[in-house]
Amino acid sequence: MDKPYHTKLTIPLFVIFFFANYMTKSIIGVSLILEIKNCPCEGKYLDKMVQPAILIILTEANLHGYKIVQRLAETPMFNGDEPDPAGVYRCLKAMEKRGLIVSCWDISRTGPAKRFYRITEGGKECLRRWIETLEEYHRIIGMLLSEAKKVTTKDRS
């Protein structure tokens, strides 16, 4: 019996895909040069965190899509910068397909109809799992930060 494809992914493969957008081949040799302006070290590419952020926002209130975009911009993750609305709408569509949220059209207000989103019980359960995942990320990031500090301190000596 075949295992689901997602169990075959490895961390090195993830790292390769994650950094592929930020690395270019050097003309001299086969070395790779990190483009600093698009480097993940700047902390501006937390797109994987959009889903739990949306779930948190929808736990507080049912909102239309653009209001979700605005609320995301207010989170520490985006630091006042508005996320790409098209990306947020794609995420909302995928989350609805997975049963984490549901939407309905509101035509009762003046102006154009707006699609309102609300979290489902499945979405609340997903958010609970995200809490566990984020706690584990927090632990791992703490260890990584500790190691990075050790090696950079050695470099200064």
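We number each residue from 1, following the sequence as shown. Values below: all heavy atoms of this structure, side chains included; hydrogens, waters and symmetry mates excluded.
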Point-to-point distance, once rounded to the nearest 0.5 Å, from CD1 of Ile140 to CG of Leu145: 13.5 Å
Polar side-chain atom of Thr153 near backbone of Lys149 as donor-acceptor pair, under 3.5 Å: yes
CA sep, side-chain torsions, deciding dist, call: Glu132, Arg129, salt bridge (charged side-chain N to carboxylate O under 4.0 Å, His left out): CA-CA 5 Å; Glu132 294 171 11; Arg129 287 192 309 265; over 6 Å; no
hydrophobic_cluster_shared for Met49 and Tyr89, side chain cutoff 4.5 Å: yes
ILVMFWY cluster, Leu58 and Val102 together (side-chain gap under 4.5 Å): no
Ile57 side, atom CD1; Ile68 side, atom CD1 - distance, nearest 0.5 Å: 7.0 Å
Nearest-0.5 Å distance, NZ of residue Lys114 to NZ of residue Lys67: 9.0 Å
Side chain to side chain, Arg71 and Phe78, heavy atoms closer than 4.5 Å: no
Side chain to side chain contact (heavy atoms under 4.5 Å, CB included) involving Asp84 - partner list, sequence neighbours excluded: Ala86, Arg90
Pairwise distance CD1(Ile119) to CG(Leu63) - rounded to 0.5 angstrom: 11.5 Å
Asp81 side, atom CG; Leu72 side, atom CG - distance, nearest 0.5 Å: 12.5 Å
Tell me which donor-acceptor pairs under 3.5 Å the side chains of residues 91-101 have, and how far apart each pair is, sequence neighbours excluded?
unit_1: Glu96; atom_1: OE1; unit_2: Ser103; atom_2: OG; d: 3.2
unit_1: Glu96; atom_1: OE2; unit_2: Ser103; atom_2: N; d: 3.0
unit_1: Glu96; atom_1: OE2; unit_2: Ser103; atom_2: OG; d: 2.8
unit_1: Arg98; atom_1: NH1; unit_2: Gln51; atom_2: OE1; d: 3.2

Leu55 side chain near Cys126 side chain, heavy-atom distance below 4.5 Å: yes
Nearest heavy atoms of Pro85 and Val69, plus distance in Å: CA-CG2, 4.1 Å
All pairs passing ring pair (Phe, Tyr, Trp, His ring centres under 6.0 Å) where residues 114-143 contributes a residue, at least two apart: His64-Phe116
